Amino acid sequence: MTLSPSQIRAEFSAAMSEMYRTEVPAYGTLVEIVEDVNAAVLERDDNALALTPGEDTNRISAERHGAIRLGTPEELAMMGRVFAVMGMEPVGYYDLSVASVPVHSTAFRPIGRDALAENPFRVFTSLLRLELIADETLRDKAAATLARRRIFTEGAIALTEKAEADGGLSAEDAKRFVGEVLETFRWHPEACVDDATFEDLISAHRLIADVVSFKGPHINHLTPRTLDIDAAQAEMVAQGLPAKAIVEGPPRRACPILLRQTAFKALNEAIRFPVDGGWQEGQHTARFGEIEQRGVALTPKGRALYDSLLAVVRADILPAADGSNAEEYVAKLEEVFAAFPDSWRALHDQGLAYFKYGIGQGAATGDDLPSLLDAGALTISPIIYEDFLPVSAAGIFQSNLGDEARSDSQAASSRAEFEAALGKPVTDEFALYEAMQAASCAAALEQLNASAA
Ligand code: OOG
Ligand code: NI
């Protein structure tokens, strides 16, 4: 009996959550806040969010995303194979060089509607671009340090190979697999470079130091999904968590779109540098807390509107790291985004967002969607956005890297290079949403018109 990839993913996500709770106790507080807020929203029972009962609501209590940063193409390729055992495929390509962050990234996540409903666990996975270290000696040293490390246990590699050969894992092997793979994500306070090298890497970029100086790609945050991020953010502040000043992404709306995120700042952690057979104490900011609210996935047309409105806002005002202009920023964001239609029907009819179709009480038949919706013969509910936003991600990176202003521009990254490192292409997220909407529409129309015939 093999366990399904979704079952393995659910077990892994739960194990990761348990590990992170002991590593970062504030994460436990965050999960409690989110659970309370979600329960209150679901109790309100007006379903203003138009969630599909069961499919959209059951997964919420277990829903998390994590993030890791890898050092070499080989690490990325192996990580892709490990995630594939759990039914997680690389979706989307994120070029963070635009924000002076020296990585490019993808999101590993389940892609099917059923798999997402079962457990939507995702990991934002970045690959360091070592070529961006200008100092050649330091670059060589970083490359040599990365080449020496082994981030996967032998057991994790053996079980991944077994899953590939046998097309799955038994329940017993899956349990061992989860335990072995968890080791890759564990935090290790022992640096594998000396103090001086660490400082040099920090000067090149804090992110480079975070990737190169440690034994493995420690999970740097694990994010629960809330149904009301403003309520959760207020509660974070009330409980004394050092929350970011603004929520990244679109403003608060009646019909949430894409993704809104907020974080609490990175923790200062005690680390140790090797020195003459002993250890020397040091400090590093590596891990932080984040929460997110997910809304409807946008079509390319909707996304273009989102990107252009956000660009208008950011041309006028950029959120200051110290939060001093947070109110003005939010006011501007709301003002500019008034141009983005804010009813499910408008988003649907104008082709701005993706929807699932259901059968309603109305009597009409045919295939004209607006009239079927007007008649109540069909219903719509949003297809949830399962991916990430590069501008928001850059904001999250920057806030947890210490907020230093960086004006140096960086060479654009290359998707082809990333895919070559990964060993396979990344899936286009729009194609996934489009296919999901088309399948749902076809099934609903068939059911509607068959029952009428
Ligand atoms: C990843 C930051 C991106 C998000 O939610 O946008 C991210 C990182 O800091 O490694 O997780
Ligand atoms: Ni995140």
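The model shown is predicted, which means the values in this text are computed figures rather than measured ones. First listed ligand is number 1; within each ligand, the first listed atom is number 1.
With respect to E63 and R122, a salt bridge is recorded, a charged nitrogen being found less than 4.0 Å from a carboxylate O. Taking 4.0 Å as the cut-off between side-chain N and carboxylate O, E118 and R9 do not count as a salt-bridged pair.
Among heteroatoms of the N, O or S kind in E290, OE1 lies nearest the Ni ion (ligand 2).
Interface of F388 with ligand 1, defined as ligand atoms under 4.0 Å from a residue heavy atom, comprises 4 (C), 5 (O), 6 (O).
Applying the salt bridge (charged side-chain N to carboxylate O under 4.0 Å, His left out) test to D387 and every residue at least two apart in sequence or in another chain returns R109. Remark: E434 pairs with no residue by the salt bridge (charged side-chain N to carboxylate O under 4.0 Å, His left out) rule, at least two apart or across chains.
Ligand 1 lies within reach of H65, whose nearest heavy atom is under 4.0 Å from it. Using a non-hydrogen distance threshold of 4.0 Å, E292 does not register as a contact of ligand 1.
Looking at ligand 1, you'll find an N or O of R69 within less than 3.5 Å of one of its N or O atoms. Taking only nitrogen or oxygen atoms, main chain and side chain alike, E290 reaches within less than 3.5 Å of ligand 1.
Here A67 has side-chain heavy atoms under 4.0 Å from ligand 1, and that is the only part of it that gets that close. Counting heavy atoms closer than 4.0 Å to ligand 1, residue N220 contributes side-chain atoms (C-beta onward) but none from N, CA, C or O.
With F388 as the aromatic partner, R294 meets the cation-pi criteria of under 6.0 angstrom to the ring centre and within 45 degrees of the ring axis.
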Checking side chain to side chain contact (heavy atoms under 4.5 Å, CB included) for the pair D195/V275: CA distance, chi angles, key distance, verdict?
CA-CA 8 Å; D195 184 19; V275 50; over 6 Å; no
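Seen from the Ni ion (ligand 2), atom NE2 of H221 and atom NE2 of H65 lie 100° apart in angle, a value rounded to 10°.
W187 has its ring centre less than 6.0 Å from the ring centre of F214.
At a cut-off of 2.8 Å, E292 does not coordinate the Ni ion (ligand 2) through any N, O or S atom.
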